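FYI, side chains are in, hydrogens and waters are out, and symmetry mates aren't considered; it's all heavy atoms of this structure. Start at 1 with the first residue, then count along the sequence. Computed from a predicted model, the values in this text were never measured in an experiment.
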Amino acid sequence: QVQLVESGGGLVQAGGSLRLSCAASGSFFAGVDVMSWHRQAPGKQRELVASVTRGGTTDYNDSERGRCTISRDNMRNTVYLQMNNLKPEDTDVYYCNALRYDVNYWGRGTQVTVSS
């Protein structure tokens, strides 16, 4: 069964913004140690975009730092990825990941397409 559901992807012009959401059930979310966003472009490896720990520590990869902000809303059992100044090279599928009791869980992904 699906524990993580991504939304918020779509088509946007270069320079635009999107906010991705990853929703989970309350019981699942309470046991998560780290939530993160990853992306995978055609022909490329899936790679980390940003992560946030249970304690609120965030981390970003070099290409996304300064343009993306990850946040975690514990009351809504949701993690967000705010993406600004999007570029065509940001086009790919974005996946939500949760590390819970040393097990990784993945959402099915949401497509982000940035046109020039």
Side-chain angles (χ1 to χ4, degrees):
Q1 57 184 0
V2 178
Q3 289 92 358
L4 304 172
V5 179
E6 303 101 329
S7 62
L11 177 64
V12 65
Q13 296 288 143
S17 299
L18 287 172
R19 189 178 72 164
L20 308 184
S21 299
C22 177
S25 70
S27 59
F28 182 90
F29 197 86
V32 171
D33 294 310
V34 185
M35 295 197 72
S36 59
W37 286 96
H38 301 244
R39 66 181 183 182
Q40 188 169 21
K44 302 293 184 180
Q45 296 288 330
R46 189 173 297 184
E47 63 181 29
L48 175 71
V49 176
S51 65
V52 59
T53 70
R54 180 188 297 271
T57 301
T58 59
D59 190 38
Y60 300 88
N61 70 24
D62 292 336
S63 65
E64 300 292 340
R65 186 175 290 111
R67 297 190 297 120
C68 296
T69 302
I70 190 169
S71 61
R72 184 174 181 172
D73 189 337
N74 294 329
M75 299 301 296
R76 292 176 170 82
N77 308 317
T78 302
V79 65
Y80 302 96
L81 183 69
Q82 177 69 44
M83 302 190 294
N84 301 317
N85 193 26
L86 286 163
K87 304 174 181 180
E89 52 262 42
D90 295 320
T91 296
D92 58 26
V93 179
Y94 286 73
Y95 297 88
C96 181
N97 173 272
L99 180 63
R100 185 176 187 269
Y101 302 124
D102 209 33
V103 177
N104 280 291
Y105 297 83
W106 293 94
R108 294 188 181 275
T110 184
Q111 176 71 49
V112 171
T113 303
V114 184
S115 64
S116 59

What closest approach, in Å, do [X] and [Y] show between heavy atoms, and which atom pair accounts for it?
X	Y	answer
V79	S71	CG2-O, 3.0 Å
V93	Q111	CG2-OE1, 3.2 Å
S17	N84	OG-OD1, 2.9 Å
R54	A30	NH1-O, 3.3 Å
M83	V112	CE-CG2, 3.9 Å
L20	G9	CD2-N, 3.6 Å

Side chain [X], main chain [Y], donor-acceptor under 3.5 Å:
X	Y	result
N97	Y105	yes
R100	F28	yes
T113	T91	no
N61	L48	yes
R65	Y60	yes

Are K87 and R67 close enough that some pair of their side-chain heavy atoms sits under 4.5 Å apart?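 Counting from C-beta outward, K87 and R67 do come under 4.5 Å.
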Between S21 and R76, is there a side-chain donor-acceptor contact under 3.5 Å, judged purely by atom types and distance?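 No, no side-chain donor-acceptor pair sits under 3.5 Å.
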Following the transitive rule for hydrophobic clusters with a side-chain heavy-atom cut-off under 4.5 Å over Ile, Leu, Val, Met, Phe, Trp and Tyr, establish whether L4 and V103 coincide in one cluster.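 As far as the 4.5 Å side-chain criterion goes, V103 and L4 are connected within one cluster.
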Are the charged groups of R108 and E6 less than 4.0 angstrom apart, N to O?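 A salt bridge is absent here (no side-chain N lies under 4.0 Å from a carboxylate O).
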Any pair with a residue in residues 8-52 that passes disulfide (SG to SG under 2.5 Å), sequence neighbours left out, goes on the list, sorted by first then second residue, please.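 The answer is C22-C96.
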